[in-house]
Amino acid sequence: MSKKPLPKEENIYETQCPILYAMEIIGQKWKLPILWYIADADHQTLRYRELERKVVGITATMLTKCLRELEANGLISRTQYNTIPPTVEYALTERGKTLIPALESVYRWADQQMKAKEKD
C-alpha cells in the first residue's frame, strides 16, 4: 500500500485524501451500524422500522437523515411499495457491498483490541 503524505502547508480538509473522503461518506456515528445491519439482513433488505429497532439509540430524524445521505452517496437503495401503511425497504447497492470486507476487517481488528484491553 502506498501512502501519499499530506502537504504540511495545506489544510488537510482541502486535499484529495481517500481516508477523508471515506469519512465524509461513512464517518458519522450512525452510518456504519446502519450499513452493518443492512448487510447482515437475512434477505439483504431491511425495512425502516426494523432498522429503527436494530440501531438502538438512534432517533427517527437521524435515521432518516443517515439513510438519505447513504442513498445519495450510492451505498444503499430505497424501494417504496404502495401499500397501506407504506412499506419502505433498504438494501446495499453494488457499491455499498464493496465496503463490507473493509467493515469486516475493522470489526475483527476492534474485537482483537477489545479483548487485549480486557487482559490489561
Side-chain angles (χ1 to χ4, degrees):
M1 172 171 74
S2 63
K3 292 186 230 175
K4 184 178 178 184
L6 294 173
K8 293 181 183 189
E9 64 276 354
E10 289 185 37
N11 180 339
I12 64 166
Y13 295 103
E14 294 175 2
T15 62
Q16 295 295 323
C17 175
I19 295 294
L20 293 176
Y21 174 75
M23 296 311 292
E24 283 180 29
I25 295 173
I26 60 170
Q28 294 175 358
K29 178 180 179 178
W30 299 109
K31 288 183 180 178
L32 291 177
I34 291 168
L35 290 167
W36 189 255
Y37 284 121
I38 292 173
D40 195 44
D42 291 334
H43 301 289
Q44 309 289 303
T45 63
L46 276 181
R47 292 183 178 177
Y48 181 88
R49 293 285 178 220
E50 292 173 307
L51 275 167
E52 201 171 35
R53 281 190 295 271
K54 287 181 179 284
V55 185
V56 177
I58 193 168
T59 64
T61 303
M62 185 55 68
L63 178 58
T64 300
K65 178 183 180 292
C66 290
L67 288 168
R68 285 182 181 157
E69 290 174 4
L70 290 168
E71 184 182 13
N73 284 305
L75 297 178
I76 63 170
S77 63
R78 178 183 189 272
T79 305
Q80 183 170 342
Y81 299 98
N82 293 327
T83 59
I84 299 175
T87 302
V88 179
E89 291 182 338
Y90 295 92
L92 291 178
T93 61
E94 290 305 313
R95 184 176 180 194
K97 290 176 184 176
T98 64
L99 181 59
I100 299 309
L103 291 182
E104 289 171 342
S105 293
V106 170
Y107 178 90
R108 284 191 301 276
W109 176 83
D111 187 49
Q112 291 170 352
Q113 298 306 309
M114 289 168 63
K115 289 175 182 170
K117 188 175 180 179
E118 287 175 4
K119 291 179 184 178
D120 291 345

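What's counted below: heavy atoms across the whole structure, side chains too, no hydrogens, waters or symmetry copies. Every value quoted in this text rests on a predicted model; they were computed, and no experiment measured them.
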Open item on the list: One pair to check against side-chain contact (heavy atoms from CB on, under 4.5 Å): I26 and L75. What are the steps and the verdict?
Closed with: CA-CA 10 Å; I26 60 170; L75 297 178; 3.8 Å; yes
Open item on the list: Q28 vs C66, test: side-chain contact (heavy atoms from CB on, under 4.5 Å). Steps then yes/no.
Closed with: CA-CA 8 Å; Q28 294 175 358; C66 290; 4.0 Å; yes
Task: Worked check of side-chain contact (heavy atoms from CB on, under 4.5 Å) between L70 and K31 - done: CA-CA 8 Å; L70 290 168; K31 288 183 180 178; 4.0 Å; yes
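In terms of hydrophobic clustering, with Ile, Leu, Val, Met, Phe, Trp and Tyr side chains grouped at heavy-atom distances under 4.5 Å, I34 and Y107 are assigned to a common cluster.
Considering every non-hydrogen atom in both R78 and Y90, the closest pair reads NE-OH, 3.3 Å. For the pair V55 and P33, the tightest heavy-atom approach, listed with the atom from each and the gap, is CG1-CB, 4.4 Å. Contact detail for M62 and W30: the closest heavy-atom pair is CG-CD1, 3.3 Å. Across all non-hydrogen atoms, the minimal contact from Y48 to L67 is CD1-CD1, 3.8 Å. Closest non-hydrogen pair, Q44 versus A39, comes out as NE2-O, 4.3 Å. Heavy atoms only, all atoms of each residue included: Y81 and E89 are closest at OH-OE1, 3.2 Å.
Using a distance-only test at 3.5 Å, with no hydrogens or angles considered, no donor-acceptor pair links the side chain of T87 to the main chain of T83. In terms of modelled atom types and a separation under 3.5 Å, the side chain of T93 and the main chain of S77 share no donor-acceptor contact.
Taking CZ of R49 as the reference point, atom CZ of R53 lies at 8.5 Å (rounded to 0.5 Å). Atoms CD1 and CZ, on I76 and R68 in that order, are 11.5 Å from each other to the nearest 0.5 Å. Atom CG of residue L35 and atom CD1 of residue I100 lie 6.0 Å apart, to the nearest 0.5 angstrom. Atoms CE and CD1, on M23 and I19 in that order, are 8.5 Å from each other to the nearest 0.5 Å. In this structure, the separation between OG1 on T59 and CD on E52 is 8.5 Å, given to the nearest 0.5 Å.
Between K97 and E94 there is a salt bridge, with a side-chain nitrogen of the basic residue lying less than 4.0 Å from a carboxylate oxygen of the acidic one. Salt bridge R47/E50: absent, no basic N to carboxylate O contact under 4.0 Å.
Every side chain to side chain contact (heavy atoms under 4.5 Å, CB included) that Y21 has, sequence neighbours left out, goes to I25, R95.
In this structure, L103 places its CG atom where more than 12 heavy-atom neighbours from other residues, nucleotides or ligands lie under 6.0 Å away.
Using a 4.5 Å cut-off on side-chain heavy atoms (C-beta onward), T45 and I38 make no contact.
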